[in-house]
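Worth saying up front: this structure is predicted, and the values here are computed from it rather than measured.
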Amino acid sequence: MQNQPPPSVRTVAIPFADLKERGKDLSGKIEEGLGPNGLGIISISDVPDFPALRRTLLRLAPRVASLPEDVKKQLEDPDSRYNFGWSHGKEKLESGKLDTFKGSYYANPILDVPTTDDALLSRYPSYCRPNIWPADHLPELEIAFKALGKLMLEVGLMLARHCDLYVMQHGMGTYDGESLEQTISRSRCHKGRLLYYFPRQFSTQKDEGGSVSSWCGWHTDHGSLTGLTCGLFMRNSEEIPCPDSAAGLYIRTRDNRVVKVTFGEDELAYQIGETTEILSRGRLCATPHCVQAPSSENASNVERSTFAMFMQPDWNETLKFPSEIPYHQELIPPNGALTFGEYSERLVNKYYQGKT
């Protein structure tokens, strides 16, 4: 059933020069992009050094994916449920099928060893285990991954401060507990994810190529704030423009419409996660999103790389859940309080195979 394609919408954009002014009133832009009627995404333009750091890291993604299978096996970390190092075909989304369309490389760009406490390593392995790097096979990955991740955290903290000011203006006073800026800045468990979408043959995806979620299933980020780069498309190792105008990021709006969201390749985008929606009592809103693969005749053998920086509370941060938040109600105890670590592990059980 081919209806009209979803409309394309440009993100609300904030110039970096405005963002770094701590006293500047950006509440109008914050509300438009991240408030109750926004798309849950905003972009930052003219971030110094970002274009070069983005290109350097994203061009390494196909090189990671093409490492020998025995090397990639050594870069896997099953004990973290594949939340560190290389991961391919381990994640379940939407229909319950395993996601084999993309490979991921996960690491904490800020701390190589978040903790040495054995009890924490055992309890929260997806946050506490040490990074794994292909030092002998692709040493430049660690350098590029950390450089981009740290920049995205720095800019994210600037945005978080303006989000705090907006929420306080809207009658919340300070957050329940700590501000978004403070919560992110003191956390030890931020996570970067370098994503590589494998090239697909157009003929083999006839049955699903038209699906809006054909490259990455519908989901809502569960952390505080997610930084996103624009995807980099390549064919035969050459960078190309996106070969299909319908491909890219889609968001489900608060009134249940689906829109395609675009931002410039030199802009840095940020999406609100469920945890921030909870702590702001709905003043800042998370939205479900997915990625559609190119599906036109000229899209065969096209690969896509991108990077996401998940900024999230520390595993020990206590979250107080209000009764009116519609997310994952079955995971929340009667008293409505979980640490972020407890909450995350319960969510991971829903999305990954392994221990329950």
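- In the hydrophobic cluster analysis, where Ile, Leu, Val, Met, Phe, Trp and Tyr join through side-chain heavy atoms closer than 4.5 angstrom, L121 is grouped apart from I132.
- Sparse packing is recorded around CG of D49, with 12 or fewer heavy atoms of other residues, nucleotides or ligands lying under 6.0 Å away.
- Between T253 and N256 the shortest side-chain heavy-atom distance does not fall below 4.5 Å.
- Side chains of N83 and S126: no donor on one and acceptor on the other come within 3.5 Å.
- The shortest distance between side-chain heavy atoms of C189 and C128 does not fall below 4.5 Å.
- Note: Y343 OH to E274 CD = 4.0 Å, rounded to the nearest 0.5 Å.
- N108 contributes a side-chain N or O that, together with a main-chain N or O of R188, makes up a donor-acceptor pair within less than 3.5 Å.
- The side-chain tip of K191 points at the ring of F84 from less than 6.0 angstrom away and within 45° of straight on.
- The aromatic ring centroids of H170 and Y166 lie less than 6.0 Å from each other.
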**Message:** Apply side chain to side chain contact (heavy atoms under 4.5 Å, CB included) to residues L232 and R54 and explain how you reach the verdict.
**Reply:** CA-CA 9 Å; L232 185 145; R54 167 188 170 267; 3.9 Å; yes
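- The closest side-chain heavy-atom distance from E154 to L157 is not below 4.5 Å.
- For the atom pair OH of Y250 and CD of Q292, the computed distance is 4.5 Å after rounding to the nearest 0.5 Å.
- Salt bridge R283/E277: absent, no basic N to carboxylate O contact under 4.0 Å.
- A side-chain donor-acceptor contact under 3.5 Å links T229 and T306.
- Using a 4.5 Å heavy-atom threshold, the side chains of P36 and R254 count as separate.
- D77 has a carboxylate O that lies under 4.0 Å from a charged side-chain N of R129, or vice versa, which qualifies the two as a salt bridge.
- At a threshold of 4.0 Å, the pair E181-R22 counts as salt-bridged, since one of the basic side-chain nitrogens sits closer than that to a carboxylate oxygen.
- In this structure, CD on E21 lies 11.0 Å from CZ on F16, to the nearest 0.5 angstrom.
- Rounding to the nearest 0.5 Å gives a distance of 9.0 Å between CG of L195 and OG of S305.
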**Asked** Can you list the steps and then say if S187 with T183 is a side chain to side chain contact (heavy atoms under 4.5 Å, CB included)?
**Response** CA-CA 6 Å; S187 175; T183 297; 6.0 Å; no
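- For the atom pair OH of Y196 and OG of S66, the computed distance is 7.0 Å after rounding to the nearest 0.5 Å.
- Here the side chain of D164 pairs a donor or acceptor atom with the backbone of L180 at under 3.5 angstrom.
- Counting heavy atoms from C-beta on, the side chains of T276 and L284 come closer than 4.5 Å.
- Here E317 contributes atom CD and E342 contributes atom CD; the two are 12.5 Å apart, rounded to the nearest 0.5 Å.
- Side-chain N or O atoms of S185 include one that pairs as donor or acceptor with a backbone N or O of Q182 at under 3.5 Å.
- Side chains of D221 and T226: a donor on one and an acceptor on the other come within 3.5 Å.
- For the pair H190/F310, no side-chain contact is recorded, criterion being any heavy-atom separation below 4.5 Å from C-beta on.
- Sorted by first and then second residue, the salt bridge (charged side-chain N to carboxylate O under 4.0 Å, His left out) pairs with a member in residues 110-120 read D112-K146; sequence neighbours excluded.
- Under the rule for a salt bridge (Lys or Arg N to Asp or Glu O under 4.0 Å), the partners of E69 that lie at least two apart in sequence or sit in another chain are K72.
- Partner W133 forms a ring pair (Phe, Tyr, Trp, His ring centres under 6.0 Å) with one of F145, W86, Y106 and no other, that one being F145.
- Closest heavy-atom contact between G35 and C285: O-CB, 3.9 Å.
- Under the ring pair (Phe, Tyr, Trp, His ring centres under 6.0 Å) rule, F340 has a single partner from Y124, W315, Y127, which is Y127.
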**Message:** Please determine whether salt bridge (Lys or Arg N to Asp or Glu O under 4.0 Å) holds for the pair E32 and K29, giving the CA-CA distance in whole Å, both sets of side-chain angles, and the decisive distance to 0.1 Å.
**Reply:** CA-CA 5 Å; E32 186 184 353; K29 292 253 176 121; over 6 Å; no
Tabulate below the donor-acceptor pairs under 3.5 Å that side-chain atoms of residues 261-271 make, not counting sequence neighbours, or state none.
from	atom 1	to	atom 2	distance (Å)
E267	OE1	R10	NH1	3.3
E267	OE1	S43	OG	3.0
E267	OE1	G264	N	3.3
E267	OE2	R10	NH2	3.1
Y270	OH	M152	O	2.7
Y270	OH	G156	N	3.3
Q271	NE2	H289	ND1	3.3

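- Donor-acceptor pairing under 3.5 Å is lacking for the side chains of E303 and Y197.
- Both V71 and L141 belong to a common hydrophobic cluster when Ile, Leu, Val, Met, Phe, Trp and Tyr are linked at side-chain heavy-atom distances under 4.5 angstrom.
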**Prompt:** Should L138 and V64 be marked as a side chain to side chain contact (heavy atoms under 4.5 Å, CB included) after you check the CA-CA gap, both sets of side-chain angles, and the distance that decides it?
**Reply:** CA-CA 8 Å; L138 197 63; V64 176; 3.6 Å; yes
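- Linking Ile, Leu, Val, Met, Phe, Trp and Tyr residues whenever their side-chain heavy atoms come within less than 4.5 Å places V9 and L249 in a single cluster.
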